[in-house]
Amino acid sequence: MELNIQTFEPKDLTAVTEFLTYNKLPASDLTEDNIQLFLAYDEEELIATIGLEKHGSSGLLRSLAVKENYRNLEVADKMIKGLFAVCESQGISDIYLLTTTAEKYFLKKEFLKVDRKSVPFEIRQSREFRSICPASAVAMHRQVESSVIKGSKDDLEVRRTS
């Protein structure tokens, strides 16, 4: 399946907020400057999102969600691979995330559980970390390494159709 990947623009806010809310993910800070969101479409239908909150050479993976009837089509895998390639191109060497529901999935993607206190200070100070995600969310980490990533930034090649 070929995805039409677009970058988030302010006009997308309502649709993305509804999509994330439906998927029980936070959507209150999507327009902050250090957050990049990528949206996957199947024709006109929003089917997946993934985001990156940048903090120096580290990033916080945000808002990975895939519409239910697309979940067994490796859409999430393609979004993650593309995001890692974007991270590499932007000099981000470590990715962290918080999850309440997808720990097993991310363990399969070579993320490791970490103590929340070991997460870089800048990320711990983010709204996502301090107040949006519950304290019960599991913190996870993975290094961004060329030899580990089997994708390319072309996986998240942005095609804007206006």
Side-chain angles (χ1 to χ4, degrees), residues 5-41 45-88 90 92-145 148-149 151 156:
I5 307 294
Q6 300 180 14
T7 55
F8 173 84
E9 292 187 4
K11 71 176 185 64
D12 302 317
L13 185 60
T14 300
V16 172
T17 298
E18 289 173 2
F19 184 79
L20 293 176
T21 301
Y22 176 80
N23 285 284
K24 297 180 176 72
L25 291 172
S28 62
D29 63 341
L30 298 178
T31 57
E32 291 188 9
D33 289 340
N34 64 331
I35 298 175
Q36 289 179 281
L37 279 176
F38 299 94
L39 314 175
Y41 289 86
E45 180 180 20
L46 177 62
I47 63 162
T49 60
I50 194 166
L52 174 66
E53 184 173 324
K54 296 189 287 185
H55 297 277
S57 63
S58 296
L60 185 62
L61 189 151
R62 297 282 308 268
S63 308
L64 176 60
V66 177
K67 191 169 181 176
E68 289 174 51
N69 53 330
Y70 288 85
R71 289 187 181 157
N72 292 324
L73 301 175
E74 299 182 2
V75 173
D77 291 351
K78 185 169 184 163
M79 299 291 280
I80 290 171
K81 287 176 186 177
L83 186 72
F84 267 63
V86 167
C87 290
E88 187 175 33
Q90 294 181 9
I92 294 173
S93 58
D94 293 279
I95 291 290
Y96 295 86
L97 63 88
L98 294 169
T99 184
T100 58
T101 60
E103 178 182 346
K104 288 181 182 179
Y105 174 80
F106 285 110
L107 285 170
K108 292 177 187 174
K109 302 302 168 200
E110 301 179 22
F111 281 84
L112 300 174
K113 285 175 56 174
V114 295
D115 186 296
R116 290 172 72 104
K117 294 174 186 167
S118 72
V119 175
F121 178 77
E122 297 82 10
I123 292 177
R124 289 194 325 254
Q125 294 305 305
S126 70
R127 284 184 55 204
E128 171 86 357
F129 207 96
R130 284 184 297 119
S131 61
I132 296 175
C133 275
S136 61
V138 174
M140 301 184 83
H141 167 258
R142 180 173 164 189
Q143 287 187 313
V144 177
E145 299 174 6
V148 175
I149 301 167
L156 279 183

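Since we're looking at a predicted model, the values are computed, not measured. Basis for what follows: all heavy atoms, side chains included, without hydrogens, waters or symmetry-related copies.
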Determine all donor-acceptor pairs shorter than 3.5 Å in which one atom belongs to a side chain in residues 13-22; sequence neighbours excluded.
unit_1	atom_1	unit_2	atom_2	d
Thr17	OG1	Leu13	O	2.7
Thr21	OG1	Thr17	O	2.7
Tyr22	OH	Glu68	OE2	2.8

Do any side-chain atoms of residues 117-125 form donor-acceptor pairs under 3.5 angstrom with protein atoms, and if so which ones, sequence neighbours left out?
unit_1	atom_1	unit_2	atom_2	d
Ser118	OG	Asp115	O	2.7
Arg124	NH1	Lys117	O	3.0
Arg124	NH1	Val119	O	2.7

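Across every non-hydrogen atom of Asp12 and Thr7, the tightest pair is OD2-O, 3.7 Å. Considering all non-hydrogen atoms of both residues, Gly51 and Leu37 come closest at CA-CD2, 3.5 Å. When all heavy atoms are compared, the tightest approach of Ser126 to Leu60 is OG-CD2, 4.0 Å.
Within the 4.5 Å cutoff, side-chain heavy atoms of Leu107 are placed close to those of Met140. No side-chain heavy atom of Tyr105 sits less than 4.5 Å from a side-chain heavy atom of Thr99. Side-chain contact between Lys78 and Leu73 is absent, with no heavy-atom pair separated by less than 4.5 Å. With contacts defined as side-chain heavy-atom distances shorter than 4.5 Å, the pair Leu61/Arg142 does not qualify.
For Arg127, the salt bridge (charged side-chain N to carboxylate O under 4.0 Å, His left out) partners are Glu32, not counting sequence neighbours. In this view, His55 satisfies the ring-ring contact (aromatic ring centres under 6.0 Å, His included) rule with no residue, not counting sequence neighbours. Judged as a ring-ring contact (aromatic ring centres under 6.0 Å, His included), and not counting sequence neighbours, Phe129 has no contacts.
Among residues at least two apart or in separate chains, salt bridge (Lys or Arg N to Asp or Glu O under 4.0 Å) pairs with a member in residues 45-66 are Asp29-Arg62, Glu45-Lys67, Glu53-Arg62, Arg62-Glu128.
Taking the six-membered ring for Trp and thresholds of 30 and 60 degrees, Phe106 and Phe111 have ring planes more than 60 degrees apart, a perpendicular arrangement.
To the nearest 0.5 angstrom, Glu110 atom CD is 14.0 Å from Ile95 atom CD1.
Other residues, nucleotides and ligands contribute more than 12 heavy atoms inside 6.0 Å of the CG atom of Asn69.
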